Amino acid sequence: MSYFQKDIEFVKTVGPQRAAVLRKELEIHNVSDLLYHFPFRYVDRSKFYTIAQLNDDLPYVQIKGVITSLTAFGNKRTTRLQAVFKDESGSMDLVWFQGITWIRDSIKAGTSYVVFGKPALFNSKWSIIHPEIEEFEKFTAQPFKGFQPFYYSTEKSKVKGIDSKGIMRIMRMALKDLPPTIEETLSPQLIKTFNLMPRHDALIQIHFPENEDLLRKARFRLKFEELFYIQLKLLLNKQNRTATQNGRMFTEVGYLFNTFFNEHLPFELTQAQKRVLKEIRKDTISGKQMNRLLQGDVGSGKTVIALFAMLLALDNKQQACLMAPTEILAAQHFQTITSLLSSLPVNVELLTGSLPESKKKAVIERISSNETHILIGTHALIEDRVKFNDLGIVIIDEQHRFGVEQRAKLWMRQQPPHVLVMTATPIPRTLAMTLYGDLDVSIIDELPAGRKPIKTMHLFESSRLRVIGFMKEQIKLGRQIYIVFPLIEESEKLDLQNLMAGYDSIQRDFPLPEYFVSMVHGKMKAKDKEQEMERFVNGKTHIMIATTVIEVGVNVPNATVMIIENAERFGLSQLHQLRGRVGRGAEQSFCILMSGNKLSADARERLKTMVQTNDGFEIAGTDLKLRGPGDITGTQQSGLLNLKIAELAKDGAILEHARNAVINILNDDPLLNSEENKIFYRHLHQLREQPNWSKVS
Ligand code: ADP
Ligand code: MG
């Protein structure tokens, strides 16, 4: 057994009790898990600030000085201990709300201390609340004075002594015993080509860096390693899939496809749509399973491509299904597709979670008996009990919410169906390569002809009357309007009140019987939601008031105005998605972003970007820049991707290198047979045994 597999319990100073906490709270089971629990921040403990140097931009500081007085304030309940702390440049306060007795008894006036913490300006005086504090003499006696690592821990683990410092101590123990000859995970060739720090050194330097340069090198090495193995896994998967000739053959372009194309298609396909259709055609007669990602900005016309692909399956006597992320969207796809196919002998059905059990059963019955040809729905579609008679193709719309696992489930069938994943948000290339690195990519880079770019403006409350007047004009022209309110979980109640207040005021400004208003939000019953949506889709109501439930996919070409309330609270890609609900017909469309007067710099930049451009790729770029690491479409947190050190927002270049390296290696040695490449299989195998890793598969 290698050192990495050693049970965490047997690392010096850990023992059974702490081991239990480490396992349960931090998923650290062995030395490998521990060493790959990387710091999220470092503080340079060799650097001192003076009180006069303090400013708002400093996160954590270390200051050397003397305590001149200690005073307790308040009564029993609300006591606070306040110390005046001075250095030669000035004076500041140190404040404690807890552990007061202990602090008071142990602190000595007149002695030199080193304090460490986050400074804040309070009553125009700097203070640090609950600083770390240590006598200067003891501080200087410590052996370690470089960068101090800070580790993620949980509330529960902190209580049990496994806080950042606790982890640091254990880490030091584990690293002290790290054998100098630990196994490499990257080949000598890679290490040489990319000038990578050896694994042994990287693991030491990432936790206790001697200086910034070594820290940078350690980081680079570990990021490379992480991204390399993700790509290796994805591309091996792809290689395995394409090596097997068990693909379904859609050789027949038959009655359904041709009749729909020649007689029912309400418009001419764009060049881009035609190209993508050809790519799909080619895939589905290649003898291999299709795994294709279809990227296209909102409104570029992906649905009809999906429909053609499904008709191909049907012409070849196989079934098709279309998965959407929300019930509203599934219902809408159902409506669009049934009406497009109304004069063709195709049975289309809808299956969503909110369908009554008896109806669900009936639908499932008709699927297995092959009575239903196209099934549309939410994740309910991939429940185990849904058994198709012969499923030829699966279309996944707006997929990044679905996750890679669900996709994998589809591949586990005997003769897996072809898979087409459609995504509208032009996702950044780095994310696409990491989430969908095993898929072939098609892009619709052209909007249907005759579309006028949406006019976007940013307005404040003071323009409300003008906005109402404008809405009335548009309604008079026969158009429809969306008004979207934010509904974000933390403040859900307040948001709901906001939405209701908005609804009331719209009803006052747009009274019956002249005007009709619909409302849709997440707290409504599915049935009511559907009904309200339907009234709007059918043009029975003029205004649709909604939360972001309508964010994706909804298609009402007659709607020309999108008003977004509190637009400053939305992310860029969300704003772009919402705006994409209008501009779907030939009429000029408008997007009005309403915001409060007080805006953060980021919010101002987001709104400005929206006003300036309609280009989804440009918006994705700005989005990535503004949101920075760890926050791409919420994916990193959602557990979809469990990156330990790489940051997709920043590490695009490393990712490209890692991916190209994998491609080259697999080109020369597809089975990783050579002596040099065996190392990869070994390490992949070890990674598979980790709980997190399976999520990537
Ligand atoms: P998305 O790519 O966002 O899913 P949709 O498939 O919903 O876009 O298409 C948006 C609108 O454009 C729909 O009303 C659709 O009927 C229409 N559309 C699609 N392709 C064309 C085309 N080639 N010419 C004209 N209109 C089109
Ligand atoms: Mg769509």
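In what follows, residues are counted from 1 in the order of the sequence shown. Remember, it's 1-based here, ligands and their atoms both numbered in the order they're listed. All values derive from a computational prediction rather than experimental measurement.
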So for Ser300 against ligand 1, with non-hydrogen atoms under 4.0 Å, the contacting part is both
If we number the atoms of ligand 1 from 1 as shown, the ones under 4.0 Å from a heavy atom of Thr270 are 23 (N)
Quick look: Gln273 vs ligand 1, heavy-atom contacts under 4.0 Å, and the answer is side chain
For Glu268, the atoms of ligand 1 under 4.0 Å from one of its heavy atoms are 22 (C), 23 (N), 24 (N)
The option among Gln577, Arg584, Arg451 carrying the non-hydrogen atom nearest to atom 12 (O) of ligand 1 is Arg451
Here the atoms of ligand 1 under 4.0 Å from any heavy atom belonging to Thr303 are 4 (O), 5 (P), 6 (O), 7 (O)
- Taking the six-membered ring for Trp and the single ring otherwise, decide whether the centroids of Tyr503 and Phe485 are under 6.0 Å apart. no
With Asp390 as partner, the option from Gln318, Lys317, Arg248 fulfilling side chain to side chain donor-acceptor pair (under 3.5 Å) is Arg248
The complete set of ring pair (Phe, Tyr, Trp, His ring centres under 6.0 Å) pairs with one or both residues in residues 275-300, sequence neighbours excluded, reads none
- Task: Indicate whether any N or O donor in one side chain lies under 3.5 Å from an N or O acceptor in the other, for Arg535 and Thr541.
- Result: no
The answer for which part of Asn555 has a heavy atom under 4.0 Å from ligand 1 is side chain
Ligand 1 to Leu269, heavy atom cutoff 4.0 Å, flagged ligand atoms 23 (N)
| said: Can you tell me how the ring of Phe261 sits relative to the ring of Phe308, calling it parallel under 30°, perpendicular over 60° and tilted otherwise? | reply: tilted
The single option from Gln474, Gln480, Lys452, Glu587 that satisfies side chain to side chain donor-acceptor pair (under 3.5 Å) with Thr560 is Gln474
*Are Glu279 and Ser442 linked by a side-chain donor-acceptor pair shorter than 3.5 Å?*
yes
Just distances here: any N/O of Phe267 and N/O of ligand 1 closer than 3.5 Å? no
Within 4.0 Å of some non-hydrogen atom of Pro557, the atoms of ligand 1 are 14 (O)
- May I ask whether Gly299 places a heavy atom under 4.0 Å from ligand 1? yes
Here the atoms of ligand 1 under 4.0 Å from any heavy atom belonging to Val298 are 3 (O)
Scan side-chain atoms only and decide if His333 and Asp397 contain a donor-acceptor pair under the 3.5 Å cut-off.
yes
